[in-house]
Enquirer: 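Handing you this structure, nothing more for now.
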Amino acid sequence: MRVLAINDISCVGKCSLTTSLPIISACGVECSVLPTAILSTHTGGFTGYTFHDLTSEIPDILAHWKSLGLKFDYICSGYLGSIDQIEMVKKVKDELLKEDGKFIVDPVMGDGGRLYAGFTDAFIEKMRDLCRLADYILPNVTEACYLADVPYPLTKDNAEACLKKLQKLCPQAMITGVVDGTDITVWYTDEQGETQTYAHKNVEGFFHGAGDVFASAFIGALARGKSEKTAIALASDFVAASIRRTAVEVPDKRYGLNFEAEIYPLLEKLNG
Ligand code: PXL
């Protein structure tokens, strides 16, 4: 079983590959990486960060992998720095995903109702095309609103309508982080096509990297053979526990979640 995580390396501020690698590995699954860019920190809340685009390196990496005959059971994409990189991910999926493999797209573009630095309408349109090729998509509320072209934010009254629009892009669509009163909820479509929700008590505040931690645990659990429903529950419980801990333990939330301390309980459930 081999997962390929396509994402950036934000050297400090846990997100992208610094969450995918430890979490997917801890789940007991081999995680290979295709780094899209290297940044000194992520772009959410820090200023003065460095950004080195790795697009030009990728064709040679792919050529080498093809010469080795490599194929992946799961390919998941996260933060992509340009439209060219979206095209590159399509090529990787076409050439390196096993025939019965799964392609998971976390359409990382924004949070809190706003796009991250550098994202444009043209990028959103291309991200919709990438979502059309996916087996699962995992947007947060902001990304769901941009992809489905509905007003931000979502509540329990309009989340299902947004989910239905996303299903036209990808039948197994999800929306993470829908706040409903005192709860925070994942909305998703189950394998029978029914809308389902999975909720936790919301913790006030903005927790950087939560979406990446959720996506990593979801993929790890799927790759361990769990159903979509179980993988969503395990990943949500893991993120919620990490957020509760981070709220009291980590003064500067830009540095990401303390998910490390919650890995053992995740594994107990995964192996139980
Ligand atoms: O957590 C999502 C993310 C990933 N990668 C980079 C980011 C962000 C969010 O700000 O800036 C580089």
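If you read the sequence from its start, that first residue is 1, and numbering goes on from there. Computed over heavy atoms, backbone and side chain alike; hydrogens, waters and symmetry mates excluded. In listed order, ligands and their atoms are each counted from 1.
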Enquirer: Taking only heavy atoms of H208 into account, list the atoms of ligand 1 that are under 4.0 Å away from them.
Expert: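 Going through ligand 1 atom by atom, the ones under 4.0 Å from H208 are 1 (O), 9 (C), 10 (O).
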Enquirer: Please indicate whether K164 has more than 12 foreign heavy atoms, meaning atoms of other residues, nucleotides or ligands, lying under 6.0 Å from its NZ.
Expert: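 More than 12 heavy atoms, drawn from other residues, nucleotides or ligands, come within 6.0 Å of this atom.
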Enquirer: Have a look at N7, N140, I9, D8 and point out the one with the heavy atom closest to atom 5 (N) of ligand 1.
Expert: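 Residue with the shortest heavy-atom distance to the ligand atom: D8.
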Enquirer: For atom 11 (O) of ligand 1, which candidate among D106, T43, L80 holds the nearest heavy atom?
Expert: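 That would be T43.
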Enquirer: Would you name the heavy atoms of M109 and E143 that are closest together and state the gap between them?
Expert: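 Between these two residues, the closest heavy atoms are N-OE2, 2.9 Å.
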Enquirer: Using a strict cut-off of 4.0 Å, indicate which atoms of ligand 1 neighbour a heavy atom of S16.
Expert: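 So the answer, numbered in order with elements, is 4 (C), 5 (N).
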Enquirer: Apply ring-ring contact (aromatic ring centres under 6.0 Å, His included) to Y49 and list each qualifying residue two or more places apart in sequence or on a separate chain.
Expert: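 In terms of ring-ring contact (aromatic ring centres under 6.0 Å, His included), with neighbours along the sequence ignored, Y49 is linked to no residue.
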Enquirer: Output the list of atoms in ligand 1 that are nearer than 4.0 Å to some heavy atom of S10, sorted by atom number.
Expert: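 Those qualifying, in numeric order: 6 (C), 12 (C).
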Enquirer: Can a donor-acceptor pair be found between the side chains of H200 and D237 at a distance below 3.5 Å?
Expert: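 Looking only at side-chain atoms, D237 and H200 do form a donor-acceptor pair, the distance falling under 3.5 Å.
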Enquirer: Taking only heavy atoms of D212, which atoms of ligand 1 are found under 4.0 Å from at least one of them?
Expert: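 What qualifies from ligand 1 is 1 (O), 2 (C).
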Enquirer: Check the angle between the aromatic planes of H42 and H208 and answer parallel, tilted or perpendicular using the 30° and 60° thresholds.
Expert: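 Taking H208 first and then H42, their aromatic rings lie parallel (interplane angle under 30°).
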Enquirer: Between D100 and K98, does the salt bridge (Lys or Arg N to Asp or Glu O under 4.0 Å) criterion hold? Intermediate values first, please.
Expert: CA-CA 5 Å; D100 57 352; K98 284 188 183 167; over 6 Å; no
Enquirer: Give the residue and atom name of whichever protein heavy atom lies nearest to atom 9 (C) of ligand 1, and the separation in Å to one decimal.
Expert: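 The closest one turns out to be Y116 CZ, 3.3 Å.
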Enquirer: Please list, in number order, the atoms of ligand 1 under 4.0 Å from a heavy atom of H42.
Expert: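 Numbered from 1, ligand 1 contributes 6 (C), 7 (C), 11 (O).
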Enquirer: Below 4.0 angstrom from a heavy atom of L39, which ligand 1 atoms are there? Numbered from 1 as shown, please.
Expert: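 Listed by number with element, the hits are 12 (C).
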Enquirer: Could you tell me the residue and atom name of the protein heavy atom closest to atom 6 (C) of ligand 1, and the distance to it rounded to 0.1 Å?
Expert: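 In this structure, atom 6 (C) of ligand 1 has Y79 CD1, 3.4 Å as its nearest protein heavy atom.
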Enquirer: Below 4.0 angstrom, N of the basic side chain to O of the carboxylate: do K201 and D183 qualify?
Expert: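 Salt bridge between K201 and D183, a charged N being under 4.0 Å from a carboxylate O: yes.
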